[in-house]
Every structure is written in C-alpha cells, then in structure tokens.
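Just so we're on the same page: letters track the sequence lines, and every chain starts at 1.
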Amino acid sequence: MVIALTGNQNCGKTTLFNALTGMNQKVGNWAGVTLEKKSGKIKGTALSLVDTPGVYSLNSFSPEEQVTRDFVKGNEAETIINVVDVTSIERGLYLTTQLLELDRKVVVALNMWDLAEKRGIEIDTEKLSQILGVEVVPISAFKEKGVKELIKAAERAQPRKGKVLYEITSEFQDEAEALASARYDFIELVKKQCFKSNKKQTVSEKVDKVLLNKWFALPIFAAIMFLVYFLSVGVVGSFTVELVETAVGNFSEFFGNWLTTIGASGWAVSLMCDGVIAGVGAVLNFVPQLIILFLLLSLLETTGYMARIAFMFDKLFKRLGLSGKSLIPFIVGTGCAVPGIMATRTVENESERLSTTVLTPFVPCSAKLPIIALFASYFFGTYSGLVSAALYFFAIVVIVLSALLLKKFIFKKGSSSFISELPDYKIPSVKYVAKDVGMKVFAFIKKAGTIILLSSLVVWFLLSFSIRFEYGVDIENSILALLGKGISWLFYPMLGAFSWEASVSALQGLIAKEQVVSSMAVIAGLSSDITEGILSSGPFAFFTGASAFAFMVFNLFSAPCFGAISAMKKELGGNKRMILAVLFQTGLAFVLSYVVFFIGTLFGG
Amino acid sequence: MENVSKILKLSQLKFGQRGRVKCLRVENKEVKQRLMDMGITRGVEVEIKKSAPFGDPVSLLLRGYKLCLRKKDLESIEVEVI
C-alpha cells in the first residue's frame, strides 16, 4: 500500500518521513519538474511512503502544488497522511480541508505535540476527529512519539464519506474568494471548539528582535557567514586538504611501487596511480570541507535562520531575478561550487533557482585561489592582495550583470511576489542533521565522484598517449596537447600569443580548477606542486600583466569543473540545459578575457 | 458620536498596528489565490510586526503565525484599523 505524506513546509513532514523510513529511502525526481521525490518503506512494514513537496494548498499554480495535487488525486496513493503543525494549526488545516474534500482515506497527524504542551496549547483531538470525520493522531516526529499509532491509523483508515464541512455564502463575487473565506471560517469555528491556548510572546519573537533588528541584522549576518566560511574553507580546508593529499600521495607511491614489483607495465602503473588514484584523491579532497559546509548549512536551515536570510536580502535579489535565498549558494560557492549548486534547492521559484544555479559557478571557489595567487604574486608583487580582492569584486559585478542579462532574456517570466512564512526558531535534532549531512555527502561522492574519476581517467589517457597511441610521450606530443594546439587560436585574443601550454592547462581546469596551476607546473618542467618559477620558465614567459589578468579572468568564469557541471545538470534538470549553461559561462569568460586583455594592453601591458 | 473606523491600505499601517482585512484588490489571480491560501481573507486580523533591513518584505502576524509579504502586495490589501 502506498501512503502519501502531505503537509505545509516546515511542518516536520521530512522529520516524520525520516523517522518512518530510516535508511530505506530513495530520492528521485517528480516527472517533468526539478523537484525531489522521496519515497521509502516504512520500517517494519510493507507500507510504501511517498513524500510530497511542502504546500499550503492544492490550488495548482506552482509546480509543487501541481505535483502534490496530481499525486493525491491519482491512483498511486491509497492513503494520505496529512501532517499539521499544531503551532500553526489554522494555516495547516487549510490544506486539510482540501484533502478531506477528496473523499479518500485520510489521517491527520498533529505534529509538534511536545511543543504544544510546552506552550500551553490544549487540543481536544476526539472532537476534532469528530468534526473532520477522520482520525486525528498527535505525534512528535522529532521525538518519534505517536508514530506507531499513526501507522496503525493509516492502515485502518477508511475512505471519508462526503460530509459537507461548510457552506459557501453568496456574499462574494469572486468564487475563489468565497471558497477561501468559507474554508477559513470553518477553521476558525473548529479552533474555537477544539483549541485552547495561553499565548505569550514566543522565544522566536524575542530572538528575532535581535537577529532581525534594523541595525544589527546585517552585521550579525556578515559575522555568521564569515564564521561558516572560516570554519569550512579556512580551518578545515587548509588542514584536511593537506592531510588527504599527503595520504593519497603516500598511498599512490606505495601502490605504484608494489605494482612495479609484481611486474606491471609502465602504463598500467601510471593508469592506476596517476589516473585512478589521483582521480579518487581529487574527490576525497572535497569531502572534509563538504562535511563541515553541509553541517553548518543544515544548522542554518533547521534552526530557521535561513528563512531570515532570505527575508533580509529578498528585495535586493528580486531586482536581479533571484531570491533572497540565492545568497546561500553563492556563499557556499566561495568554498566549493558543488555543494553551492546543491544548495540552490532551497530557492522555491523555478526561474530564480535556475538562474542561481547558472550563476553560482561565477563565485570564485577555493580551487581557483591557486590560479589567482600564482598570477597575482608574480605580476603584481606587493599588490597581489589588492589584485585578489579586485577579482572578487569583479566577480560580484559579473554576477550582477549576468543575473540581469538572464532575467531580461531568458527567465522573463519571474514571480514577483514574496509570500513566505518565518518559521519559529527550533533547536535542531542532532540525529536529523547528521542524517541530512550524511545523505548529501554520500550523494556528492556518488555523483560528482563518478564524473571526476571518469574525467580524470580520460585526461590521463589524453595526456599520456600520443595520437599514435604511444605511451610515455612528452606532454608536447600528447593528444591533449594536440587539442590544446587546436584551440589555441581561441586563446590568442586573451594571451597575445599562441600557447598550447596555456590552453591545455585551462582545459585541465575542467577536472578541478587547481589542476590549471599544477598542469602549468608540469609543463614548465617542474614538479606539480611547485609554483615558483612557472611564469619565468620558457613556455610561459610570454605572459604580460594584461594577459595574466585576462587568463585569470577566463579561468574564473569559464565552465566550472566536471563536479560542478554534473551538479548543475542535476539542478537544471537535463543535459540540454546543462550544455547551454556551460556554453553561456564559457562564452562569457572568453568575451570578458578578450576585453580585459585589450584594455590591459592599451594601458601599458 | 459616530464610530467611524479608518480604512487604510495594509502598507500604510505602522509597526505594531492591527487591522481587520476588508478586501483584496489584487489583479493577478495567482497572487490573490496565494494570499488567500495563506490566510488573508475578509475579516481576519493582522498585525504588522517588522520589516527587513531594506524595508521590504514585511512580516505580519496573522492566524497565529508570521507571514512575509512584499510591500507591493500590502498595497492591494485594504484593512479596517483596530
């Protein structure tokens, strides 16, 4: 039997879903939309549970409402569990009235029961059940209480017989208004008969007095974001990345030696060490940072602060065709674009979400820092810090302009209303956050990991073999170099020279942006982790200040690494859109770098 | 003495002021439906709580929860001041 789980956003539906299904979850997509579909088996039963998007009503205007409406009306779901947050019962019951009209098997789960008791809210569940005509079960998804009773109620639910809940008065001209009013009038009656509450100013309101204070809100926000960034990219980043790199490096050496000892041929050893292990290492590099990032993000979301961020920045961002919540992916993207793109999921409106996804890779991620550092320190010496900062500002300008471009020409149909709720602050559940982070990291490793590994292997192959499939050739004779020579004309307007070395290095940025610099190092005849002396070496001596800046600009804005590209594919919903996004980003990067080079040389190289 | 209650646009209410919704003059059907779905129906009591640092959106208290609306939408809702 398939049970549909419905309810408002923030009603604890997801917590309940996790509590009921545990690890038996499958995440997919609802057909035709870029919305997540979660389904799973209820622990200890043969019952199937499908989570629907959080909605406030079934009037099908947004894709979320459409999906939920189609699903509950369709034949797949036999029973509906309607989760209602007891602390916002009036609004929650609105959806309930619509579900009850379907005359199907419905069970109402009153969630946050523990909070209700704390707040002095009393509910006569028997009376409520009587009035609604369906079973009402109090639960606390968070504490996993009442869950067994809920399942039993769902199993024995009977189709609701069409008992009319309310009458529609002819007071209104507008039918929709008449219906909405009738529903809420009914709900108010129900509330009077079944609810009692002692209202005090909630803790949330007190907290918001500070966090949303006219003067403190922005500085507090800046401080929190700095902390997130500092913890994930700064502290964890520098420490764990080195750790992982060293570990992988040692393992690679050890494994390579062993292979040679047992007689493996040269290319096989290289395949395993420089291809597979290096590829896997590239993925593992991300993981510790991702764990911290996801953890902090999950905390922001579950405590309810994320909604406040959207609230604060919405006005500004709406002008760019984005939502206040778009800020989160951008911030995360300063560490790594992959989780940044994954974070675009919190943006509800589709156009805004897609736009955010395409723009997130423009934020300079931590992998791009070595590129900036290399060129900035060589050419601009003491001003290198200034140059780096300038590039961040440049990135912001590019993002703003691109957003406006996208808004004007692509995502013309934008939503112009911000109707959302500020949920109460909650203390997050360790279990829930841990599970959330675990699932996201696992998804990343699986998805991005496969892509990164595969592409590493492909590039390894292209680098190690010549066009005649000879192994162990000089990089100049490799297939990749041939490709580099082939596209070097594209790079001429930004470099002022034909350099396959530079274009090959840029190509390697597709695997991971750090590879651009290590590729240059290898070509310059150095070991891949030494960066001094790259720019004074033969192949790269042609770089001038202008072309250096232009090359940096190109690498900053061109298509992101394969990991990010595959994340984009998932969020954009298909190959076609992904390719368009990549073309847009790369095209823009070329144009920008040409312009930069032109202006730069004009002002003195 | 006649008891005339003021009718204002919701956008004209000050922080902490309460009003009872009289009517929704929203042209866009989608937006109007969404507003009604979220609880803004004739006769409901709303209270202006605060606004975002840039003045928009605004947080309202109604039906026991906080709703955020853009100033633009507030202008199309008429209320009777309480």
Worksheet item: Between A/Asp174 and B/Lys32, is there a salt bridge with N-O shorter than 4.0 Å?
Response: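 A salt bridge links B/Lys32 with A/Asp174.
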
Item to complete: Specify which of A/Glu177, A/Glu188, A/Lys191, A/Gln98 makes the most heavy-atom pairs with chain B at under 4.5 Å.
Response: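 Winner by heavy-atom pair count: A/Glu177.
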
Worksheet item: If you round to the nearest 0.5 Å, how far is OG of B/Ser59 from CG of A/Asp208?
Response: 7.5 Å

Item to complete: Over all heavy atoms of both residues, which pair between B/Arg70 and A/Asp314 is shortest? Give the atoms and the distance, please.
Response: NE-OD2, 3.9 Å

Worksheet item: If every non-hydrogen atom of A/Asn59 is compared with every non-hydrogen atom of B/Gln33, which pair is closest and at what distance?
Response: ND2-NE2, 2.9 Å

Worksheet item: Is the number of heavy atoms from other residues, nucleotides or ligands under 6.0 Å of B/Lys71 NZ greater than 12?
Response: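 No, because the 6.0 Å sphere around NZ of B/Lys71 holds 12 heavy atoms or fewer from other groups.
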
Worksheet entry | With sequence neighbours excluded, residues passing side-chain hydrogen bond (donor to acceptor under 3.5 Å, both in side chains) with A/Asn10 | none

Item to complete: With a 4.5 angstrom heavy-atom cut-off, could you sort out which part of A/Ala217 is near chain B: side chain, backbone, both or neither?
Response: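 When you check distances to chain B, only side chain atoms of A/Ala217 fall under 4.5 Å.
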
Fill in: Interface residues of residues 34-44 of chain B facing chain A - non-hydrogen atoms under 4.5 Å apart
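Residues B/Arg34, B/Leu35, B/Met36, B/Asp37, B/Met38, B/Gly39, B/Thr41, B/Arg42 are the ones that qualify, each having a heavy atom under 4.5 Å from chain A.
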
Practice prompt. Tabulate, in ascending numerical order, the residues of residues 86-96 of chain A having at least one heavy atom closer than 4.5 Å to a heavy atom of chain B, or enter 'none'.
Written response: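 A/Thr87, A/Ser88, A/Glu90, A/Arg91, A/Tyr94, listed by number.
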
Item to complete: Sequence neighbours left out, what passes side-chain contact (heavy atoms from CB on, under 4.5 Å) with A/Arg319? Give chain and number order.
Response: A/Lys315

